[in-house]
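Structure first, then comments.
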2 protein chains.
Amino acid sequence: MSDSALIDAARDFNRFYTNFLGVLNKAYLDTPFTLTDARVLFEVGSQERLSAVALVRDLHLDAAYLSRILKRFKAEGLLETTPDPDDRRSQLISVTDRGREQFQELVRRSNAQIAGRFDKLAAGEPQSIVGAMKTIRSLLDPDATLPPLVIRPHRTGDMGWIVESQAKFYSEEYGWDMRFEGLVAEVAGRFLSTFDPAMEYAWIAERGGINIGSVLITNGGDGIAKLRLLYIDKSARGLGLGKTLVDECIRFARAKGYRQISLWTNDILSAARNIYLKAGFQLVSEEKHRMFGPELNGQTWILDL
Amino acid sequence: MSDSALIDAARDFNRFYTNFLGVLNKAYLDTPFTLTDARVLFEVGSQERLSAVALVRDLHLDAAYLSRILKRFKAEGLLETTPDPDDRRSQLISVTDRGREQFQELVRRSNAQIAGRFDKLAAGEPQSIVGAMKTIRSLLDPDATLPPLVIRPHRTGDMGWIVESQAKFYSEEYGWDMRFEGLVAEVAGRFLSTFDPAMEYAWIAERGGINIGSVLITNGGDGIAKLRLLYIDKSARGLGLGKTLVDECIRFARAKGYRQISLWTNDILSAARNIYLKAGFQLVSEEKHRMFGPELNGQTWILDL
DNA sequence: CAATTTAGTTGACTCAGTCAATCAATTGGA
DNA sequence: TCCAATTGATTGACTGAGTCAACTAAATTG
């Protein structure tokens, strides 16, 4: 795609999104607030203590205009200002309890608007949209901070996500065929069907509501814990997430009294192999196979606990 | 993956993009046009001949306001209007040569703004942004013509999608627990692992690259085809897609020489039951079970071919 | 410590956008 | 077929969101 085609597409999107936001912002029409009022309240409500200059900068408002808005909000008891102890020209703005209520009302309305849009979409589409929004934001807004990475137990739909994302990744990257997806689905399915909360666990890493990593411990019998389906999404590589997940597995296996962790992998997956090596796993056997199409070196690794 | 996390993220993006567009739209500040003027000129310039109502609708403008803008543009010789021959109340608006020049000047300024942004980015990043914009647009823009519905054989990742979407749907709608997801994953996994292209098939319905429905035929032995994992996404209900997929199954089973199709379902899934009934399936057995948490009536249906 | 910059306020203004009333053409029933 | 309701477009009358310039007060610079 040529540069000018990209620019045209972006301009077109902006035109579209200007309209779209125009519609969404009608949500504020039957509140006592104008769009600018709402934006100010949003900003103050979200950030708690900030100065007027910061607002002028962030929202690109006229200082005189903002001054009047703040004055009105103060008169209505929505905001209060305290002089900045470090710079007595400046004042720090924060919401009062009443202001917080109004802010939350705005959030509710705004959320309802968005939820209304999302309701009309197919399953997974909101995720696609939000994912795309995050892409745009992270590239256009250098200050954007990533939402925190959370590691949590599995819940409904996670195993499906594991099957889909692993299948797609290994297919694209290494040309593995659908038998691999079949294996993953069977492993994931058996895990859920025979799940023993006392001895088994699944860790899902997510960021901002989007899954980015996984690992399972299943009970292999004879005091052996099996580590399975370790996977880190492209977007989260290089953060040490793989190590974190494997460490969680080891801690869990120790706590549950397993005497050994075993896992099966393939030698071309070097990032994973490094994690296992560093965690103290030892390679115990290796065999060539063609389970997924291309010839691979399957490896079994073991860690004595 | 929670809904509210997605909505929060979307709201946050909208807040960000409102500011962003606010900055971009400053591009028009040193032209004789207001933002609304520019939007009108853009729309007319891009679409060539359109009616005032269409503009009011698309740009969500007040009709009175638009009327004045058009009047001014006509007076300045930027636009001309001709009465719509089909409806003499209505008039078709088009740009004059001078109008086109002005329009192109706006495009130039807008492009320059965007190019300025893109210049600061790394190689490939503009592509990512534009790709993400297209994702958002295609999903949010109701006027964007729906891409055609395609029914195709399964490919990598589809089974994972089936697991995730079915698990989420039946969990939300009927409170089924994760054992259901386990069952689906096992069925899907076994299908892939033991896939026999001669006698088995999976149909995936997709629209614009997004999966919206599925059904499988697996070989149950003894001349019995098993119909499994029929699922239609929320967004595609009521289009007769379920019937289409089941019809495909029947045609396939006949062609492959099966003598019977059997399927297992639960009585609360009335939409599916209607499809089976109309296709000629007969209920042959029924038993209460609690395989997925709540008490359900499992049903076996059979169609003789 | 004078000159300059920065944070915030106030007065004065204007024009972008809204609302209600009206006209003219079209559509939809009884 | 004709009357009532609807739809497209325009105009008059208005308002309040947002702008610009001038000013005060505190902080920074050199």
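Lettering follows sequence order; numbering is per chain, from 1. Note that these values count all heavy atoms, side chains included, but never hydrogens, waters or copies made by symmetry.
Atoms CZ (B/F33) and P (C/dC15) sit 16 Å apart, rounded to a whole Å. With rounding to whole Å, B/R72 atom CZ is found 16 Å from D/dT11 atom C1'. In this structure, A/L50 places its CG atom 14 Å from C1' of C/dA7, rounding to the nearest Å. At whole-Å resolution of the value, CG in A/L70 and C1' in D/dA17 are 15 Å apart. Straight-line distance from the CD atom of B/Q91 to the C1' atom of D/dT10: 10 Å, rounded to whole Å. The distance between atom CG of B/D86 and atom C1' of D/dG8, rounded to the nearest whole Å, is 14 Å. Residue B/L55 contributes atom CG, which lies 19 Å from atom P of D/dT7 at whole-angstrom precision. The nearest whole Å value for the distance from the CD1 atom in B/I69 to the P atom in D/dT10 is 12 Å.
A salt bridge does not link B/R100 with B/D97: every distance from a Lys NZ or Arg NE/NH1/NH2 to an Asp or Glu carboxylate oxygen is 4.0 Å or more.
As judged by a 4.0 angstrom heavy-atom cut-off over every strand, A/D87 is placed among residues touching the sugar-phosphate backbone only. Among the atoms of the strands shown, base atoms are found under 4.0 Å from some heavy atom of A/A63. Within the 4.0 angstrom heavy-atom criterion, base atoms lie near A/A64.
At D/dT11, one or more side-chain N or O atoms of B/K71 fall inside 4.0 Å of OP1 or OP2 (strictly under the cut-off). Residue B/S90 has a polar side-chain atom (N or O) positioned under 4.0 Å from OP1 or OP2 of D/dA9.
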Check your understanding: Could you go step by step and tell me if B/T81 and B/K74 meet the side-chain contact (heavy atoms from CB on, under 4.5 Å) rule?
Key -> CA-CA 8 Å; B/T81 58; B/K74 272 193 280 187; 3.4 Å; yes
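Between B/V246 and B/A279, the shortest heavy-atom distance links the atoms CG1-CB, 4.2 Å.
Mapping A/D84 and A/L66 onto DNA chain D by nearest heavy atom places A/L66 at the nucleotide closer to the 5' end. Judged by closest nucleotide on DNA chain D, A/D62 is the one of A/D62 and A/R88 placed further toward the 5' end.
Not a single donor-acceptor pair, N or O on each side, falls under 3.5 Å between the base of D/dT24 and the side chain of A/R89. On a pure distance criterion of 3.5 Å, a polar donor-acceptor pair joins the side chain of B/R68 and the base of D/dG12.
Under 3.5 Å, the side chains of B/D58 and A/N19 contain no donor-acceptor pair of N or O atoms.
The only member of B/T34, B/L66, B/L78, B/I93 that meets side-chain contact (heavy atoms from CB on, under 4.5 Å) when paired with B/V40 is B/L66.
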